[in-house]
Novice: 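Below is a structure I'd like to ask you about.
Throughout, protein chains are lettered first and strands after them, A, B, ... in sequence-line order, and every chain is numbered starting at 1. Everything numeric in this text was worked out from a predicted model, so none of it was measured.
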Amino acid sequence: MENKTDLTQDNINIEIDLFLEAIFQKYGYDFRNYGKAHIKRRLLHRMQLSKAQSISEMQYKVLYEEAFFNLILKDFSINVTEMFRDPSFYKNVREEIIPILKTYPFIKIWHAGCSSGEEVYSMAILLMEEGLYDRTQIYATDFNHQILRKAKEGIYPISKIKEFTANYQKSGGTKSFSDYYMAKYESVIFNNELKKNIIFADHNLVTDKAFAEVHMIVCRNVLIYFNKDLQNQVLKLFTASLLPGGYLCLGTKETIRFSEANIYYHTIIDNEKIFKKKLQLESTGS
Amino acid sequence: MSMQYKAIVIGSSAGGLNALRTLLTMLDADFKIPIIIVQHTSPSSDNYITTYLNDLCKLKVKEADEKEKIMSGYIYFAPPNFHLLVEEKFFLSLSIEERVNFARPSIDVLFETAAFTYKEKLIGIVLTGANHDGAMGLRKIKEFGGLTIVQDPKTAEVNSMPLSAIKATKVDHILSLEDIGELLISINRNFL
Ligand SMILES: C[S@@+](CC[C@H](N)C(=O)[O-])C[C@H]1O[C@@H](n2cnc3c(N)ncnc32)[C@H](O)[C@@H]1O
């Protein structure tokens, strides 16, 4: 029984594929292997807001209006983040990983999908308190240039500070959180000192090459938006960018267990999704 | 005509744990239709609900994993602080996008994406709760020809969520928890 909703639904799925293809060809951003349910939700929402009659109509718009594309990029990228999100993750990094990183003369950390920077400044604070920041280079990347600009500024609404402070304390912070920022009107700006060893850069995990050789990669709550194939592809990129013995940190709901990358890693802290790249691939064992 | 339903989605909020216990413990191990649930919780809550219900239920109760295949014999819960979505080809996926109806997980997000995937082969159920999450989602399920059920507001611990759902669409059944359970059991007999 093929009724009208079925037909419309089939067409919508075709239209979405064409829409993503158009974006890829015109702007080089590749969303074709993102989770379809997520993409569809965002597009139908945008269709309603922009009063378009169909996705095809939006396809025309996205090809001819760059401003509209930027809106779509924002819709797809989900920039929701917070400082010391999942405090127990930072606590574990502080207690289990930092002592090992301290044995290196110099370390490099890559935050992939850093959004507006909260996660990066959290790490900078942690490294400072552990006396490691001066020996660290942090690369913070995202494919959304609009959000990267915010990350560089390090200015956040004052309304968020209560939550950030609570997270910081739960994560094992040793100072007074207010030492790290200055309040101004409705905003807080984080200290320049935190920024001095951070390089913010535009990098697309889907279409760009390996970034650098690093000791730790933090990529949290980004892979959940990719389908399995794309997850495998990006994990391969991470494995190529990590030094042997380096750490891969994913979001609490992300894992490498069922991916092709699994053989290259030991699980260090399962709950926090912290994995360590093997020194070399053994022929026996897991 | 017996309809072959492929999945059940349930949304509950305030009073939900009691309601879910009553409903889910009625189902036997031979209950074949997978069940996917959004119960509103605080962002920092642990996996208490799933552990608790898994001990009481004959079906397997678990928190949904990222890109997990939806399977018969399982009851899946959205993890605290994540939206739960149904993907094409019957996979589950998670998102930390903004709250919807002040909620993450949101019932509407689950219902809407499940309706896209399962179309008329879906059963949507709205239980007790103090807001209106789930109303729009249930309407979507109805639009696609799925079966819509709402807990009788008179029997709900908090009635605003059932009332909003009833207002939003012409629901197929308004029933007590026990009657919802009986209905599901009889539908399951037709499941191949
Ligand atoms: C939900 S946020 C996660 C932010 C932060 N890591 C956290 O966990 O709080 C996801 C981020 O991934 C970025 N992103 C999505 N696809 C990407 C891609 N292909 N390359 C680089 N960044 C991407 C988005 O722009 C967004 O800022």
Novice: Is it the case that over 12 heavy atoms from other parts of the model lie below 6.0 angstrom from the NZ atom of A/K74?
Specialist: no

Novice: Looking at CG of B/L94 and NE2 of A/H38, how far apart are the two atoms once the value is rounded to the nearest 0.5 Å?
Specialist: 12.5 Å

Novice: Could you tell me whether A/R46 atom CZ has more than 12 heavy atoms of other residues or ligands within 6.0 Å of it?
Specialist: yes

Novice: Would you mind checking which part of A/R85 comes under 4.5 Å of any heavy atom in chain B, side chain (CB onward), backbone (N, CA, C, O), both or neither?
Specialist: side chain

Novice: Looking at B/K167, I want to see if its NZ is surrounded by more than 12 non-hydrogen atoms of other residues, nucleotides or ligands under 6.0 Å.
Specialist: no

Novice: Does atom NE2 of A/H203 have more than 12 heavy-atom neighbours, drawn from other residues, nucleotides or ligands, at distances under 6.0 Å?
Specialist: yes

Novice: Can you tell which part of A/N13 gets under 4.5 Å to a heavy atom of chain B, answering side chain, backbone, both or neither?
Specialist: side chain

Novice: Quick check for you: to the nearest 0.5 Å, what is the distance between B/K67 atom NZ and A/T255 atom OG1?
Specialist: 13.0 Å

Novice: If you count every heavy atom of other residues, nucleotides or ligands that lies below 6.0 Å from A/K150 atom NZ, does the total exceed 12?
Specialist: no

Novice: Side-chain contact test, heavy atoms from C-beta onward, threshold under 4.5 Å: evaluate it for A/R41 versus B/V100 and give yes or no.
Specialist: yes

Novice: Is chain A contacted by the side chain of B/R99, its backbone, both, or neither, given a heavy-atom distance below 4.5 Å?
Specialist: neither

Novice: Does atom CZ of A/F68 have more than 12 heavy-atom neighbours, drawn from other residues, nucleotides or ligands, at distances under 6.0 Å?
Specialist: yes

Novice: Checking B/E88 against chain A: side chain, backbone, both or neither under 4.5 Å from a heavy atom?
Specialist: side chain

Novice: Would you say that B/F91 contacts A/N227 through its side chain, given a criterion of any heavy-atom pair below 4.5 Å between the two side chains?
Specialist: no

Novice: For A/E57, does the CD atom have more than 12 heavy-atom neighbours from other residues, nucleotides or ligands under 6.0 Å away?
Specialist: yes

Novice: Using a cut-off of under 4.5 Å for heavy-atom pairs, which of A/T252, A/I78, A/I224 has the most such pairs with chain B?
Specialist: A/I224

Novice: Rounded to the nearest 0.5 Å, how far does CD of B/E97 lie from CZ of A/F76?
Specialist: 12.0 Å

Novice: Applying salt bridge (Lys or Arg N to Asp or Glu O under 4.0 Å), run through B/E63 and A/K253 and close with a yes or a no.
Specialist: CA-CA 10 Å; B/E63 212 169 74; A/K253 287 288 155 191; 2.7 Å; yes

Novice: Under 4.0 Å between a Lys/Arg side-chain N and an Asp/Glu carboxylate O for A/K40 and B/E87?
Specialist: no

Novice: At a heavy-atom distance under 4.5 Å, which candidate from B/I96, B/T113, B/D65 has the highest pair count against chain A?
Specialist: B/I96

Novice: Is it the backbone or the side chain of A/L44 that comes under 4.5 Å from a heavy atom of chain B, or both, or neither?
Specialist: side chain

Novice: For B/K142, look at atom NZ and say whether over 12 heavy atoms of other residues, nucleotides or ligands are found less than 6.0 Å away.
Specialist: yes

Novice: So for B/V109, is it side chain, backbone, both, or neither that comes closer than 4.5 Å to the heavy atoms of chain A?
Specialist: both

Novice: To check you understand the geometry: which heavy-atom pair defines the closest contact between A/V80 and B/E98, and what is its length?
Specialist: CG2-N, 3.6 Å

